[in-house]
Q: 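Structure in structure tokens, see below.
What you see below is based on every heavy atom in this structure, not just the backbone, and it leaves out hydrogens, waters and symmetry mates. Residues take their numbers from the sequence shown, with the count starting at 1. Remember, it's a predicted structure, so these values are computed and weren't measured experimentally.
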Amino acid sequence: MKLLIFLTVTLGTLATGLDSAYSKKHYNLPYKHRSYHKECHCLNGGTCITYYLFRGITHCICPEGYTGTHCELDVDSMCYTENGEDYRGMATEYECLPWDLPSVIRRAPFHAHLKNALQLGLGKHSYCRNPNGRSKPWCYTKKRFTIRETPCNMDKCGPACGQRSISKYFKIVGGSQAEVESQPWIAGIFQTRRGTDQFLCGGSLIDPCWVLTAAHCFHDPSNPLDKSRYKVYLGKSMLNVTDDNEQVFMVDDIISHPEFTDETGGDDNDIALIRIRTSTGQCAVESKYVRTVCLPEKNLDLQEHTRCEISGYGKQDLYDYSYAQRLMSATVNLISQRKCKYQYYDDIRVTDNMVCAGDPTWMTDACKGDSGGPMVCEHNGRMILYGIISWGDGCARENKPGVYTRVTRYLNWIDSNMNAVTTKNRFVPEPK
């Protein structure tokens with residue numbers, strides 16, 4: 001009976017201690033700050049649990065996204081910023097040696113037994129770290145009898161552009177229906193006419209506050225441009241159906257290229273920027289349905305036959321009465337400038353501000369309503385906006401490829417106009 005009473009009291013004491021510890025509000029501390037319980041050394045908002053009966057036993061309860069004895073490991077971080085000295089993720093290489101390996105402790109200057117090991121990110125693991133200020137995270141590897149520092153094969157954190165939720169190539173004119181997650185940068189530009197919103201052109205989200213499109217969409221010399229008549233939709237799969245995945249914006253500004261002209265028979269300098277915002281002043285919210293596309297590097301010149309994708313809500317045939325009701329996607333191949341100028345068109349209509357692409361069978365193409373939409377090509381693992389759907393001779397006509405605004409020619413123009421607006425909102429977190 002005495003033993004039973006002792007056990008009951010003991011368990012009650014433990015439970016009381018745990019309840020008392022949980023009742024403290026330390027688990028609400030911001031991330032990246034140490035817990036007030038110094039005996040635990042809990043990092044990143046971890047909660048220190050002290051077992052009151054056994055004063056020497058403590059334990060960290062980690063918030064979501066962190067793990068480790070001190071909540072020092074960032075579960076989701078797979079890229080690094082600056083030179084990676086603050087990287088605390090779990091990226092590693094097959095050859096990486098544990099920082100607490102006896103041979104590392106004996107022979108290497110950085111290891112898990114240093115006094116400041118926790119501050120350096122070192123511990124009982126083999127994750128990539130940069131304790132000595134190298135150019136990027138590294139780990140120790142062994143070659144024969146030598147232990148050496150080996151850079152880890154990991155990316156530097158950059159803008160999360162050109163990444164889609166689902167990656168599928170689709171077989172516009174002759175194209176196939178596409179889920180908006182496969183082209184999450186696609187924008188639908190609508191114009192209010194006679195009290196109703198009517199689809200006008202496509203566009204591409206290049207920044208949470210900016211859409212890139214074609215200047216000819218707004219070229220109407222007979223009517224002054226009225227930005228209040230336009231709306232921009234993102235995350236739209238169905239043209240005439242609204243769902244919870246969509247985001248709708250008013251237009252703050254429309255900036256067409258000052259040297260746009262159609263007097264050559266083609267549309268030269270066919271590019272325009274649209275600044276968007278919601279009624280509460282917000283820009284786009286990143287989700288799996290809405291993401292930015294990457295702009296290309298200034299000197300990027302993709303080779304002929306490079307496979308790219310076009311997408312839009314345009315007509316599936318030149319003589320169709322209405323636009324496609326679902327987002328469409330198709331693949332096209334880049335065509336050399338020489339062929340486009342001298343074999344398919346001429347050097348008056350096609351300038352160096354343009355790039356041509358088409359289907360080798362001439363069965364797929366952009367068409368009316370696709371104007372302003374993206375032609376994206378994969379480069380270095382991301383989708384980049386290489387062209388803007390501009391003009392062509394008919395739709396899917398043999399030997400008449402689509403002609404696109406060559407985005408690489410306008411990077412300075414894009415940058416200077418976007419930077420001229422001093423207040424730029426960034427992506428806000430996706431609502432939970």
Q: Let's test your reading of the model: do Cys42 and Cys62 have SG atoms under 2.5 angstrom apart?
A: no

Q: For Glu82, I'd like to know if atom CD has over 12 heavy atoms of other residues, nucleotides or ligands within 6.0 Å.
A: no

Q: Might you point out which heavy atoms bring Val75 and Met90 nearest each other, and give the distance in Å?
A: CA-SD, 3.9 Å

Q: Contact between Val407 and Leu295 at the side-chain level, heavy atoms closer than 4.5 Å - yes or no?
A: yes

Q: Is a side-chain donor-acceptor pair under 3.5 Å present for Tyr410 with Asn269?
A: yes

Q: Looking only at heavy atoms, which two atoms of Gln247 and Ser287 are closest? And how far apart?
A: NE2-OG, 4.3 Å

Q: Can you establish whether the number of heavy atoms outside Asn116 located under 6.0 Å from its atom CG is more than 12?
A: yes

Q: Could you check whether the SG atoms of Cys139 and Cys128 sit less than 2.5 Å apart, since that is the cutoff I want to apply?
A: no

Q: Supply the atom-to-atom distance Met328 CE to Ile186 CD1, rounded to the nearest 0.5 angstrom.
A: 12.5 Å

Q: With a 4.5 Å cut-off on side-chain heavy atoms, are Leu327 and Tyr313 touching?
A: yes

Q: Between Trp138 and Trp99 (judged by ring centroids, cut-off 6.0 Å), do the two rings come close enough to count as a pair?
A: yes

Q: Taking all atoms of both residues into account, what is the closest heavy-atom pair of Leu300 and Ile384, and its distance?
A: CD2-CD1, 3.7 Å

Q: Where do Ser371 and His216 come nearest, in terms of heavy atoms and distance?
A: OG-NE2, 3.0 Å

Q: Quick one: does Tyr386's side chain have a donor or acceptor within less than 3.5 Å of a partner on Leu302's backbone?
A: yes

Q: Output every pair passing salt bridge (Lys or Arg N to Asp or Glu O under 4.0 Å) with a member in residues 215-232, not counting sequence neighbours, ordered by first then second residue.
A: Asp197-Lys231

Q: Arg291 side chain to Gln163 main-chain N or O, any donor-acceptor pair under 3.5 Å?
A: yes

Q: Walk me through whether Cys283 and Cys209 qualify under disulfide bond (SG atoms under 2.5 Å apart).
A: CA-CA 5 Å; Cys283 298; Cys209 301; 2.0 Å; yes

Q: So which pairs with a foot in residues 140-149 pass side-chain hydrogen bond (donor to acceptor under 3.5 Å, both in side chains), sequence neighbours left out?
A: Asn132-Glu149, Arg134-Glu149, Thr141-Thr150

Q: Mind checking the CG-NE2 spacing from Asp267 to His257? Nearest 0.5 Å is all I need.
A: 13.5 Å

Q: Would you say that Cys356 contacts Val403 through its side chain, given a criterion of any heavy-atom pair below 4.5 Å between the two side chains?
A: yes

Q: Applying the side chain to side chain contact (heavy atoms under 4.5 Å, CB included) criterion to Ile414, which one of Leu212, Asp207, Asn419 satisfies it?
A: Leu212

Q: Is Thr213 reaching over with its side chain to a backbone N or O of Gly202, donor-acceptor style, under 3.5 angstrom?
A: yes

Q: If the condition is salt bridge (charged side-chain N to carboxylate O under 4.0 Å, His left out), which residues does Glu246 pass it with, not counting sequence neighbours?
A: Lys236

Q: Does the pair Arg277/Asp253 count as a salt bridge with the N-to-O cut at 4.0 Å?
A: no

Q: Would you name the heavy atoms of Gln183 and Ser329 that are closest together and state the gap between them?
A: NE2-OG, 3.8 Å

Q: Roughly how far, to the nearest 0.5 Å, is CE of Met375 from OG of Ser311?
A: 11.5 Å

Q: Please check if atom CG in Asn223 has more than 12 non-hydrogen atoms from other residues, nucleotides or ligands closer than 6.0 Å.
A: yes

Q: Any side-chain heavy atom of Val104 sitting closer than 4.5 Å to one from Pro98?
A: no

Q: Give me the one residue out of Asn353, Thr261, Thr405 that meets side chain to side chain donor-acceptor pair (under 3.5 Å) with Asp268.
A: Asn353

Q: Are the side chains of Asn245 and Glu181 in contact, using a 4.5 Å heavy-atom criterion?
A: no

Q: Is there a donor-acceptor pair under 3.5 Å between the side chain of Asn130 and the backbone N or O of Asn83?
A: yes

Q: When rounded to the nearest 0.5 angstrom, what is the spacing between CG in Asp155 and CG in Asn380?
A: 10.0 Å

Q: Indicate yes or no: at least one non-hydrogen side-chain atom of Leu120 is less than 4.5 angstrom from one of Arg129.
A: no

Q: Does Tyr233 use its side chain to pair, donor to acceptor, with the backbone of Thr242 at less than 3.5 Å?
A: no

Q: For Cys161, is there any backbone N or O sitting under 3.5 Å from a side-chain donor or acceptor partner on Arg382?
A: yes

Q: Is the number of heavy atoms from other residues, nucleotides or ligands within 6.0 Å of CD (Glu263) greater than 12?
A: no

Q: Judged by atom type as modelled, is there a donor-acceptor pair below 3.5 Å linking the side chain of His111 to the main-chain atoms of Arg107?
A: no

Q: Would you indicate whether Cys60 and Cys71 have their SG atoms under 2.5 Å apart?
A: no

Q: Does NZ or CZ of Lys400 fall inside the cone over Tyr344's six-membered ring, less than 6.0 Å from its centre and within 45° of the axis?
A: no

Q: Atom OG1 of Thr292 and atom CG of Leu385: how far apart are they, to the nearest 0.5 Å?
A: 11.0 Å

Q: Please name the pair of heavy atoms, one in Pro401 and one in Ile335, separated by the smallest distance, quoted to 0.1 Å.
A: CB-CD1, 3.5 Å

Q: Starting at CG of Asp74, measure out to OH of Tyr127 and round the result to the nearest 0.5 Å.
A: 11.5 Å

Q: Count the heavy atoms of every other residue, nucleotide or ligand shown that sit under 6.0 Å from CZ of Arg193, and state whether that count exceeds 12.
A: yes

Q: Using modelled atom types only, decide if a donor and an acceptor are shared between the side chain of Glu72 and the backbone of Asn44 within a distance under 3.5 Å.
A: no

